[in-house]
Undergrad: 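Got a structure here, written out as structure tokens. Questions coming.
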Amino acid sequence: GDLKGVEVHLDHIEELGANGIYFTPFFPAQSNHRYDASSFDVVDPILGGDKAWFSLVKAANKRKIKLVGDITSNHCGAGHYWLAKAKRDRNSKEAGYFYWNKKYKWGYEGWWGLESLPKLNYGSKELRKAMYEAPNSIIRKWLSPKWGMAGWRVDVGNMTGKYGNIDIHDEVMYGIRKAVEETKPDAWLVAENADFVANDLAGAGWHGTMNYQGFSRPLSSWMNEKAKLSGGFQGLPNDSPRISGKQFVDSMKNFNGSIPWRALVASMILLDSHDTPRFRTIVSGDKAKHTAAMTMLMTYPGVPSVFMGDELGFEGKSGEDARRTINWEDRSKWDSTFFAEVKKLAKLRRTEDAFINGGLRWVAAEDNYLAYLRESKKSKVLVVIAAKPCSVDIDLSKLGYKVSKVLYGQKASGSKIKFKANGATQGVWKLS
């Protein structure tokens with residue numbers, strides 16, 4: 001539950017095969033989720049404060065594990081000292097950081113009208129300086145060598161800089177990108193909800209997005225098993241829709257065609273997150289489906305991102321339910337066999353050049369299975385993912401390939417991939 005706890009279990013991250021950790025906000029706040037920061041300057045003392053952060057950075061650097069933070073560029077919290085100063089003195093620079101609105105009894109505009117999340121006004125030059133322009137600004141400070149962060153995930157990136165008819169979103173986004181590149185050229189800048197605005201990923205803005213639209217939502221719609229998920233799912237007031245494999249691939253193609261390749265490969269791909277039900281619950285506990293989905297996660301273009309505990313088969317019906325911490329003392333509920341498979345897949349993702357540098361070519365899109373090629377100069381790999389019982393039949397000779405090695409899953413040889421699947425399954429084969 002704190003940063004020291006993360007440091008103590010870096011061996012688990014290393015064992016999994018991950019080389020980076022994305023943290024939800026660790027700033028002081030009034031809520032459990034901390035998306036309502038009362039300061040962007042320090043680590044919450046409850047999590048160990050700045051001292052624990054510096055210790056974690058040092059330990060992570062030794063293991064070559066990068067740390068990515070979470071910033072709410074769209075809003076702060078009602079407890080933020082900026083707001084307190086603005087309320088005391090309407091002539092202060094901080095007063096310009098917010099939108100004041102008398103229709104609310106608290107006097108200011110909040111994100112979605114919420115008092116707890118005051119909306120930030122980037123019409124203020126002083127706010128821009130404080131957030132990203134000045135040498136000691138928030139964005140730059142945490143990326144500096146002293147603070148050691150390797151990148152930012154931007155919360156509700158699509159809404160930053162927008163209010164009513166005011167739209168200075170692009171200016172702010174480009175400003176944050178400029179600050180990141182000037183401070184740490186190899187840092188990663190990934191935004192939530194950028195997948196709703198393709199222009200945000202056109203090249204000069206966010207490097208990538210949390211790829212819900214072009215990966216996790218269509219995958220869940222193809223694989224879900226009528227799970228009863230509390231609070232709705234995918235932003236809908238009902239359970240997840242059901243689609244065929246062909247519809248799934250059409251969705252992926254549609255999304256991929258709207259953004260540059262470099263934005264696709266710089267985007268987080270994920271089965272679930274701190275804002276969704278866990279994938280194991282989405283597929284009603286079907287381990288075979290979870291393994292097939294994890295295979296796709298580790299072999300598809302992008303940055304595979306595993307929400308903590310997913311590698312152990314944890315379940316959860318909503319984002320809030322899924323945020324429970326890992327129980328390190330009692331491991332009886334860990335799915336150790338699944339963890340072993342995830343480690344194999346993570347190793348493949350790190351070591352096979354096709355998954356690191358390869359393109360994407362769809363080979364099959366049937367109702368219950370799909371297939372794609374990942375091809376680089378050094379490596380060619382075919383991946384088949386089946387969601388339900390089906391007969392797989394793929395003729396590689398038409399593509400000029402044959403199987404040279406089984407990398408994971410179903411066995412195959414020669415120029416024909418042919419097998420019957422009794423349920424969800426997968427196959428990954430190196431080609432020559």
Side-chain angles (χ1 to χ4, degrees), residues 16-18 215-216 218-220 222-225 245 248-249 252 269-271 279-280 282-283 285-302 304 306 310-313 335-356 358-376 379-397 399 401-432:
L16 172 61
F215 191 84
S216 61
L219 181 62
S220 293
W222 181 43
M223 284 198 165
N224 80 78
E225 281 295 336
F248 170 51
V249 173
M252 308 285 269
I269 49 174
L270 57 168
L271 300 182
F279 197 83
R280 182 65 70 92
I282 291 169
V283 296
D286 190 326
K287 187 187 298 189
K289 279 198 171 186
H290 199 182
T291 304
M294 189 65 73
T295 301
M296 187 159 193
L297 180 77
M298 293 295 179
T299 59
Y300 193 78
V306 179
D310 268 13
E311 73 279 12
L312 305 172
D335 188 338
S336 299
T337 56
F338 181 70
F339 184 36
E341 297 308 304
V342 178
K343 287 189 286 186
K344 291 176 189 176
L345 290 164
K347 184 177 180 181
L348 265 185
R349 175 61 181 79
R350 292 195 324 271
T351 57
E352 192 61 49
D353 191 73
F355 302 139
I356 300 167
L360 173 69
R361 188 154 49 128
W362 293 101
V363 174
E366 304 296 334
D367 283 350
N368 293 330
Y369 80 88
L370 55 86
Y372 52 91
L373 286 167
R374 299 297 310 278
E375 299 161 295
S376 71
S379 171
K380 281 79 179 169
V381 176
L382 176 71
V383 179
V384 170
I385 306 293
K388 286 186 174 182
C390 57
S391 294
V392 175
D393 191 351
I394 299 170
D395 186 355
L396 291 172
S397 65
L399 301 168
Y401 286 132
K402 64 180 179 180
V403 173
S404 63
K405 183 181 180 182
V406 177
L407 295 177
Y408 187 76
Q410 291 283 342
K411 303 292 187 289
S413 60
S415 59
K416 289 202 172 182
I417 305 288
K418 198 167 184 177
F419 63 87
K420 280 193 174 183
N422 297 321
T425 190
Q426 62 287 314
V428 184
W429 304 277
K430 193 153 186 170
L431 308 178
S432 59

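Start at 1 with the first residue, then count along the sequence.
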Undergrad: Are any of the side-chain heavy atoms of Lys380 and Ser432 separated by less than 4.5 Å?
TA: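 With C-beta onward as the side chain, the pair stays apart.
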Undergrad: Could you pull out the closest heavy-atom pair between Leu382 and Ala371, with the gap in Å?
TA: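 Reported closest heavy-atom pair: CD1-CB, 4.3 Å.
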Undergrad: Nearest 0.5 Å, please: how far is CZ in Phe279 from CG in Leu270?
TA: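 Between Leu270 CG and Phe279 CZ, I get 11.0 Å after rounding to 0.5 Å.
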Undergrad: Give a yes or no on whether the backbone of Val249 and the side-chain of Trp222 come within a donor-acceptor separation of less than 3.5 Å.
TA: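 Such a contact is absent between Trp222 side chain and Val249 backbone.
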Undergrad: Give me the one residue out of Leu219, Leu271, Leu345 that meets side chain to side chain contact (heavy atoms under 4.5 Å, CB included) with Leu297.
TA: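 Per the side chain to side chain contact (heavy atoms under 4.5 Å, CB included) rule, the option paired with Leu297 is Leu271, out of Leu219, Leu271, Leu345.
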Undergrad: Does any part of the side chain of Val384, heavy atoms only, come nearer than 4.5 Å to the side chain of Gln410, both counted from C-beta?
TA: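 Side-chain contact under 4.5 Å: no.
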Undergrad: If you look at every heavy atom in Phe419 and Ile417, which pair is closest and at what distance?
TA: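 That closest heavy-atom pairing would be CE2-CG2, 3.9 Å.
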Undergrad: Side chains of Met296 and Leu370: does their closest heavy-atom pair fall under 4.5 Å?
TA: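 The answer is yes; the side chains approach within 4.5 Å.
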Undergrad: Would you confirm whether Ser404, through its side chain, and Lys430, through its main-chain N or O, come within 3.5 Å as a donor-acceptor pair?
TA: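 Checking the backbone N and O of Lys430 against the side chain of Ser404, a donor-acceptor pair under 3.5 Å is found.
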Undergrad: Within a strict 4.5 Å, meaning less than it, do heavy atoms of the Met252 and Tyr372 side chains meet?
TA: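 Side-chain contact under 4.5 Å: no.
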Undergrad: Over all heavy atoms of both residues, which pair between Lys411 and Val406 is shortest? Give the atoms and the distance, please.
TA: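 The pair with the smallest heavy-atom distance is CA-CG2, 4.2 Å.
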Undergrad: Can you find a heavy atom in the side chain of Leu396 that is under 4.5 Å from one in the side chain of Lys402?
TA: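 Heavy-atom side-chain distance check fails, nothing below 4.5 Å.
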Undergrad: Look only at the side chain of Lys289 and the backbone of Met223, and say whether a donor-acceptor pair between them is shorter than 3.5 Å.
TA: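 Yes; judged by distance alone, with no hydrogens or angles, the pair exists.
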Undergrad: Do Glu352 and Tyr408 have a side chain donor and acceptor closer than 3.5 Å?
TA: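 Distance-only check fails for Glu352 and Tyr408.
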Undergrad: Hey, can you tell me if Tyr300 and Phe215 have their rings parallel, tilted or perpendicular (30° and 60° cut-offs)?
TA: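 If you compare the ring of Tyr300 with that of Phe215, the planes turn out tilted.
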Undergrad: Just how far is it from atom NZ of Lys405 to atom OG of Ser413, taken to the nearest 0.5 Å?
TA: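 These two atoms lie 15.5 Å from each other.
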Undergrad: So among Arg349, Arg374, Arg350, which one has a side chain to side chain contact (heavy atoms under 4.5 Å, CB included) with Ile356?
TA: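 Per the side chain to side chain contact (heavy atoms under 4.5 Å, CB included) rule, the option paired with Ile356 is Arg349, out of Arg349, Arg374, Arg350.
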Undergrad: Any chance you could measure Asn224, atom CG, to Asp286, atom CG, to the nearest 0.5 Å?
TA: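 Between Asn224 CG and Asp286 CG, I get 11.5 Å after rounding to 0.5 Å.
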Undergrad: Between CD1 of Ile394 and OH of Tyr369, what distance do you get to the nearest 0.5 Å?
TA: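 One finds 5.0 Å between CD1 of Ile394 and OH of Tyr369.
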Undergrad: Donor-acceptor pair, distance only, cut-off 3.5 Å: does the side chain of Arg361 make one with the backbone of Leu373?
TA: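 The answer is no, because no donor-acceptor pair under 3.5 Å joins these two groups.
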Undergrad: Testing the basics here: between Ala292 and Ala424, what is the closest heavy-atom pair and its distance to 0.1 Å?
TA: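 It is CB-CB, 4.5 Å.
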Undergrad: Only one of Leu348, Val306, Val428, Ile269 forms a side chain to side chain contact (heavy atoms under 4.5 Å, CB included) with Met298, so which one is it?
TA: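 Running side chain to side chain contact (heavy atoms under 4.5 Å, CB included) over Leu348, Val306, Val428, Ile269 with Met298 returns exactly one hit, Val306.
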Undergrad: Measure the shortest side-chain to side-chain distance between His290 and Met294 over non-hydrogen atoms and say whether it is less than 4.5 angstrom.
TA: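 Contact flag for His290/Met294 side chains = yes.
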Undergrad: Out of curiosity, Lys344 NZ to Leu407 CG, how far, rounded to the nearest 0.5 Å?
TA: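 It is 13.0 Å, given to the nearest 0.5 Å.
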Undergrad: Would a 4.5 Å heavy-atom cut-off, applied to side chains only, mark Val381 and Thr299 as touching?
TA: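 Result no, sub-4.5 Å side-chain heavy-atom pair not found.
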Undergrad: CG of Asp353 to CZ of Phe355: how many Å apart, nearest 0.5 Å?
TA: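 The CZ atom of Phe355 is 10.5 Å from CG of Asp353, to the nearest 0.5 Å.
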